[in-house]
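In this text, all values refer to a predicted model and were calculated from it rather than measured experimentally. A note on names: the letters A, B, ... follow the listed sequences, proteins ahead of strands, and every chain is numbered from 1. Scope of the values below: all heavy atoms of this structure, side chains included, with no hydrogens, waters or symmetry mates.
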Protein chains: 2
Amino acid sequence: MQAEATYLKLSQQILEQYADLPLQRPLPSEHELGALFGVNRQTIRAALEELERRWLIRRVKGSGTFRTRRYEYRIGPDIAPSFTATVRASGGDPRTENAKPVTRPANASEREILGLPANAQVTVLERVRFIDGAAVSTATSVLPSARVPRLAAVIAPDDSLDAVLRRHYGYTPVRQWSQSRLASPPAQIAEVLRLRGRPPQILLRGLVSCSETGQKLEYVESFLRPDVFDVVTEVGKW
Amino acid sequence: MQAEATYLKLSQQILEQYADLPLQRPLPSEHELGALFGVNRQTIRAALEELERRWLIRRVKGSGTFRTRRYEYRIGPDIAPSFTATVRASGGDPRTENAKPVTRPANASEREILGLPANAQVTVLERVRFIDGAAVSTATSVLPSARVPRLAAVIAPDDSLDAVLRRHYGYTPVRQWSQSRLASPPAQIAEVLRLRGRPPQILLRGLVSCSETGQKLEYVESFLRPDVFDVVTEVGKW
DNA sequence: CAGTGGTCTAGACCACGCG
DNA sequence: GCGTGGTCTAGACCACTGG
């Protein structure tokens, strides 16, 4: 049996040594840590990579290495997750940015999911969510255009889609089903989330319908950074 | 804006080049790939690490680098996941290994979850699951000892716990609730799963009760390797 | 025993962020 | 402009797997 590698022992030491560092304060630089522990910088990097894999630190080129915190995000039959409320409650500064909605013909899978006829149009809304200025999740909502006429003219870049559905269109949106899994994001989304490469992210899919009529209102696909969100998906009776 | 790094371009090239390689055949060695693409071995390693992060390849010391396949594993209100059936259906060779059950006093959290009185005993069963000889998941089941007397004498190393509960004890076990999230496993479990370091795994928690009486039978915590299982957790009406 | 991937060193250049 | 982390090279030794 082989002894534990240097970089794994170092990762444990670094973890303990800087456990109480404020979240805004950087750890010593990789060069400094190398000197401190008497090892090559690449060995320090291997140790930090282990901690980064475990979502305990985050490294930012040009700025430094920082401790992280994850936001618990529960998804269950009776839980309607609110991004803004969750983050605010934990002392973070959340922000949502809507792109301009685009209207186009629905493809086969969208028609299937939303129960639309062959020539239906859908309106697609891309959103990016930020915490303290960093992009942490994307969401793509697909809505039947007939149910949200002139959405592009109605929604502002920082509006909540849920609020617009309620106030402007008079719907009562409820989550009909949700699904979570891990998946490698498309390159474009990886770029928005400022990932290196395309590491797997948490993929949430869901269908929102109207409480009164049962009409299908919105199909949403969302990628969440697992280093930021501790997503807990709950099934069954609680 | 900076051009894409060499190792990321290489990872894409390698992916395309060896997309059709049989699962049992290794890719060329890191040294060979370095020579083929005219880059240093560490650059090849960075490319392979990217593919490993995305669970597209798996590297085995002493043997080589192989393409991987993931098993879809659905968890939902009406779905009782069966490891053995799922894997067999996909052409894999599943095996389960039970450790010897241990009986000890229940701790506070176990009493809370299982609804047990202060001085109750629990019987704890550790299991490891293998596919084609590789450890892919662990499970720890905690059962009220009073409901499964002499479990240690009854269960064989390769028995299914579900089957023993049905046949020997006459229960009809049903899943009452399940929960999935990502978590760094304890060092001991990381070792069993042969992970390097302690990268986050899929943590499944669940409660099994008796269909007729509603008695709580089993609390289970399970770690699944995300490179092996594509766990899909479904919530809501389908 | 030969070949594999895992670890570690020494050094270099670069893009990025912040002041 | 300076210090940060990101990338890349060259070379070395090791533990593990398989025949």
| OP1 or OP2 of D:dT9 less than 4.0 angstrom from a side-chain nitrogen or oxygen of B:Thr43, does that happen here? | yes
Could you run down the sub-3.5 Å N/O contacts of the protein with nucleotides 17-19 of chain D?
| residue | atom | partner | partner atom | Å |
| --- | --- | --- | --- | --- |
| D:dT17 | O3' | B:Ser63 | OG | 3.1 |

| query | Atom CD1 of A:Ile44 and atom C1' of C:dA10: how far apart are they, to the nearest Å? | reply | 15 Å
| request: Write down the distance between NE2 (B:His31) and C1' (C:dT7), rounded to a whole number of angstrom. | output: 12 Å
| field | Distance, rounded to the nearest Å, where B:Leu48 contributes CG and C:dG6 contributes P | value | 9 Å
| task | Sequence neighbours left out, what passes ring pair (Phe, Tyr, Trp, His ring centres under 6.0 Å) with B:Phe223? Give chain and number order. | result | none
| request: Compare the minimum distances between each of C:dT9, D:dC8, D:dG5 and the side chain of B:Tyr7, then state the nucleotide with the smallest one. | output: D:dC8
| task | With sequence neighbours left out, write down each residue that passes salt bridge (Lys or Arg N to Asp or Glu O under 4.0 Å) with A:Arg150, or none if nothing qualifies. | result | none
| task | Go through the side-chain N and O atoms of A:Thr140 and A:Glu221 and say whether any donor and acceptor fall under 3.5 Å apart. | result | no
| said: Rounding to an integer number of Å, can you tell me how far A:Ile57 CD1 sits from D:dT4 P? | reply: 15 Å
| remark: Between B:Thr65 and A:Val39, the residue closer to the 5' end of DNA chain C by nearest nucleotide is B:Thr65
| Taking the six-membered ring of B:Phe229, is NZ or CZ of B:Arg225 closer than 6.0 Å to its centre and within 45° of its axis? | no
| request: Identify whether the distance between the nearest side-chain nitrogen and carboxylate oxygen of A:Arg127 and A:Glu218 falls below 4.0 Å. | output: yes
| query | Whole Å only: how far is the CZ atom of B:Arg58 from the P atom of C:dT4? | reply | 19 Å
| query | Roughly, in whole Å, what's the span from CZ in A:Arg41 to P in C:dA10? | reply | 14 Å
| query | Do A:Arg58's NZ or CZ and the ring of A:Phe66 fall within the cation-pi criteria of under 6.0 Å and 45°? | reply | no
| message | Just the rounded figure in Å: distance from P of C:dA12 to CD of A:Glu30. | response | 18 Å
| request: Would you indicate, yes or no, if C:dT7 has its OP1 or OP2 atom less than 4.0 angstrom from a side-chain nitrogen or oxygen of A:Thr6? | output: no
| From the list D:dT7, C:dG5, C:dT7, which nucleotide is the closest neighbour of the side chain of B:Gln42? | C:dT7
| query | Which one, D:dC8, D:dC13, D:dT9, comes nearest to the side chain of B:Ala5? | reply | D:dC8
| note | Atom CG of B:Leu51 and atom P of C:dG5 are separated, to the nearest Å, by 13 Å
| Considering only C:dG6, C:dT4, C:dA12, which nucleotide approaches the side chain of B:Arg59 most closely? | C:dG6
| request: Considering only NZ, NE, NH1 and NH2 on the basic side and carboxylate oxygens on the acidic side, decide whether A:Glu72 and A:Arg74 come within less than 4.0 Å. | output: yes
